[in-house]
Amino acid sequence: MNGDIPNNVDLDHDQQLRRALATWHPRFLQWWNEVGPEGFDTSTVYLRTAIGASADGWANYTYVKMPEYRWGIFLAPPENRKIGFGDHPDADPWQQVPGEFRKELRRIIVTQGDTEPASVEQQRHLGKTAPSLYDLRNLFQVNVEEARHLWAMVYLLHRFFGRDGREEAEELLTRRSGHRDHPRILTAFNAPIRDWLDFYCFAMFTDRDGKYQLESLSESGFDPLSRTTRFMLTEEAHHLFVGETGVQRVVQRTADLMKQSGRADIGALGGIELSVIQKYLNLWYSESLDLFGAEDSSNAATYFATGIKGRYREHAPNVYREHRALEGEYEMRLPGGAAEKIPLRRAMNAILRDAYVQDCERGLARWNRELAARGLEQRLALPALGFNRKVGAFAGGCCDPSGNLLAPEEFAARRGEWLPTEEDRARNAELMQPVYEPGKVAGWIAPPAKGINGQPPDFEYVILS
Ligand code: BYC
């Protein structure tokens with residue numbers, strides 16, 4: 001079985017790793033069969049498979065049946081670098097796990113690893129309602145690659161953490177998204193993804209947290225973690241594209257219907273109303289903000305001080321003047337418009353989140369241009385930092401999307417104005433009938449601007465059987 005695993009980690013000569021994978025690989029396939037995409041095991045899908053870390057190896061397109069996908073293990077090429085930040089910026093990166101940081105590194109790798117299978121589980125049923133074969137294929141591409149990202153973290157656990165690493169790798173296949181007794185670790189990965197608007201918002205906002213977390217882990221002093229996350233980021237870009245353009249296409253269609261009809265309530269015309277799109281943005285943006293952890297975090301300060309996890313683009317030229325972050329403060333915003341200054345190192349989660357927020361605002365501006373281009377006055381918005389938060393300074397309080405504090409009863413009473421209701425979801429479920437004919441696209445979403453890998457609009461991305 002190991003002979004089939006594409007890799008650049010010298011698997012053939014790593015007996016310990018091969019032995020660990022010999023047990024884990026069949027368990028992984030069992031997990032995929034149990035909770036991976038439902039109903040498409042025998043279909044043939046036009047997928048890219050990473051077969052090497054070089055430019056021509058990581059995006060190899062072929063038709064494959066998903067259970068036969070060749071999940072592999074890849075590290076980006078080594079770089080000549082120093083740790084570059086924290087208490088020992090001039091030290092060489094570690095090729096093995098330093099004993100004193102073992103616990104922290106394991107915890108971060110397990111947390112990262114846990115999100116990957118969780119997302120596959122969350123998206124399990126979406127194939128049955130895909131708006132086109134193009135979208136169906138993109139969903140499956142995201143699914144197989146998130147599963148490969150699980151492999152990336154399992155490689156680190158198996159290769160560098162001995163017996164407890166193997167136990168953690170096993171646990172990654174045991175927890176389940178949304179399970180009452182064995183849930184996934186982070187909150188957003190237990191939230192259901194019930195329809196395609198959830199999926200596009202998830203890929204826009206939650207995958208984007210992934211991008212920022214992976215970027216800061218790619219700065220890590222633990223070199224194998226840095227190299228594996230750098231390679232993951234090459235695949236992640238497509239997931240973000242699926243999310244951002246997915247929402248954009250929904251907005252385009254909605255805007256077209258609004259313009260044609262001269263009205264906002266375009267539900268009867270087969271579109272998703274802008275107010276409903278706004279509620280989904282509110283939900284997934286706020287869920288995803290929680291993924292950055294608390295703004296004031298001693299864990300984050302330790303990760304930075306020890307060289308385990310850097311800031312976004314820590315190594316890039318001209319981004320940070322100094323890399324110890326011992327001086328200076330961060331102004332942490334609090335409910336009700338107040339603020340509190342905290343030492344910079346304790347604010348690493350918040351600093352990363354701020355970069356993320358800016359990136360989300362860029363995506364939002366792109367969607368709003370679709371409305372402006374059609375002469376419409378309405379605009380989408382990102383809700384305030386304090387809206388619908390369960391982690392950090394705003395946890396437990398209640399705010400409306402503009403950031404005004406509310407009594408919990410008022411929030412509960414008005415919740416349906418700001419977050420998707422059962423009626424919104426029922427309406428979307430009714431709209432989202434599958435469209436599996438090559439070149440055809442459901443009526444609630446605009447067609448994609450171009451095909452995958454230069455393919456024509458009527459390309460048969462998935463051969464159903
Ligand atoms: N849910 O100091 P704090 C992706 C816990 S997405 C539940 O604020 P810290 C992907 C925390 O564990 C990226 N619990 O947190 C996307 C701690 O517990 P203890 C995933 C939470 O440690 C789409 C306590 O609260 N990668 O790749 O600084 C598809 C106080 O914690 C949550 C990573 O997250 C939460 N949201 O940081 C597929 C990177 N937040 O110690 C994939 C690895 C916090 O009191 N993870 N807690 O028991 C990390 O770097 C950090 O663990 C976090 C939180 C950034 C998540």
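Atoms within a ligand are numbered from 1 in the order they appear, just like the ligands themselves. If you read the sequence from its start, that first residue is 1, and numbering goes on from there. Quantities reported herein were computed from a predicted structural model and do not represent experimental measurements.
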Novice: Taking the side chain as C-beta and beyond, is there a heavy-atom pair between L344 and E327 under 4.5 Å?
Specialist: no
Novice: One residue to check: S119. Relative to ligand 1, which of side chain, backbone, both or neither has a non-hydrogen atom less than 4.0 Å away?
Specialist: side chain
Novice: For atom 8 (O) of ligand 1, decide whether some protein heavy-atom distance is shorter than 4.0 Å.
Specialist: yes
Novice: Without hydrogens or angle criteria, can the side chains of Y303 and N349 be said to hold a donor-acceptor pair below 3.5 Å?
Specialist: no
Novice: Evaluate the 4.0 Å heavy atom contact test for atom 24 (C) of ligand 1: does a protein atom fall under the cut-off?
Specialist: no
Novice: Closer than 4.0 Å to some heavy atom of D290 - which atoms of ligand 1 meet that?
Specialist: 36 (N), 40 (N)
Novice: For atom 1 (N) of ligand 1, is the nearest protein heavy atom under 4.0 Å away?
Specialist: yes
Novice: Give a yes or no on whether K128 atom NZ has more than 12 heavy-atom contacts from other residues, nucleotides or ligands under 6.0 Å away.
Specialist: yes
Novice: Do other residues, nucleotides or ligands put more than 12 heavy atoms under 6.0 Å from R362 CZ?
Specialist: yes
Novice: Among all the protein's non-hydrogen atoms, which is closest to atom 40 (N) of ligand 1, and how far away is it?
Specialist: G293 CA, 3.7 Å
Novice: Near R107, which atoms of ligand 1 are under 4.0 Å from a heavy atom of that residue?
Specialist: 11 (C), 12 (O), 17 (C), 18 (O), 22 (O), 41 (O)
Novice: For ligand 1, which atoms have a heavy atom of D209 less than 4.0 angstrom away?
Specialist: 6 (S), 13 (C)
Novice: Check each atom of ligand 1 against the heavy atoms of I185 and keep those under 4.0 Å away; list them by number with element.
Specialist: 7 (C)
Novice: Under a 3.5 Å cutoff, is there a donor and acceptor pairing between the side chains of Y46 and Q455?
Specialist: yes
Novice: Quick one: nearest non-hydrogen protein atom to atom 43 (C) of ligand 1, plus distance?
Specialist: I108 O, 3.8 Å
Novice: Numbering the atoms of ligand 1 from 1, which are under 4.0 Å from a heavy atom of K309?
Specialist: 49 (C), 50 (O), 55 (C)
Novice: What are the atoms of ligand 1, with element, lying closer than 4.0 Å to any heavy atom of N349?
Specialist: 8 (O), 9 (P), 28 (O), 37 (O)
Novice: Determine whether any protein heavy atom is located less than 4.0 Å from atom 46 (N) of ligand 1.
Specialist: yes
Novice: For ligand 1, which atoms, with element, lie under 4.0 Å from some heavy atom of F189?
Specialist: 6 (S), 10 (C), 16 (C), 23 (C), 29 (C)
Novice: Among all the protein's non-hydrogen atoms, which is closest to atom 27 (O) of ligand 1, and how far away is it?
Specialist: Q112 NE2, 2.8 Å
Novice: Might you check, step by step, whether the distance between atom 5 (C) of ligand 1 and some protein heavy atom is under 4.0 Å?
Specialist: no
Novice: What atoms of ligand 1 come within less than 4.0 Å of a heavy atom belonging to F202?
Specialist: 23 (C), 29 (C)
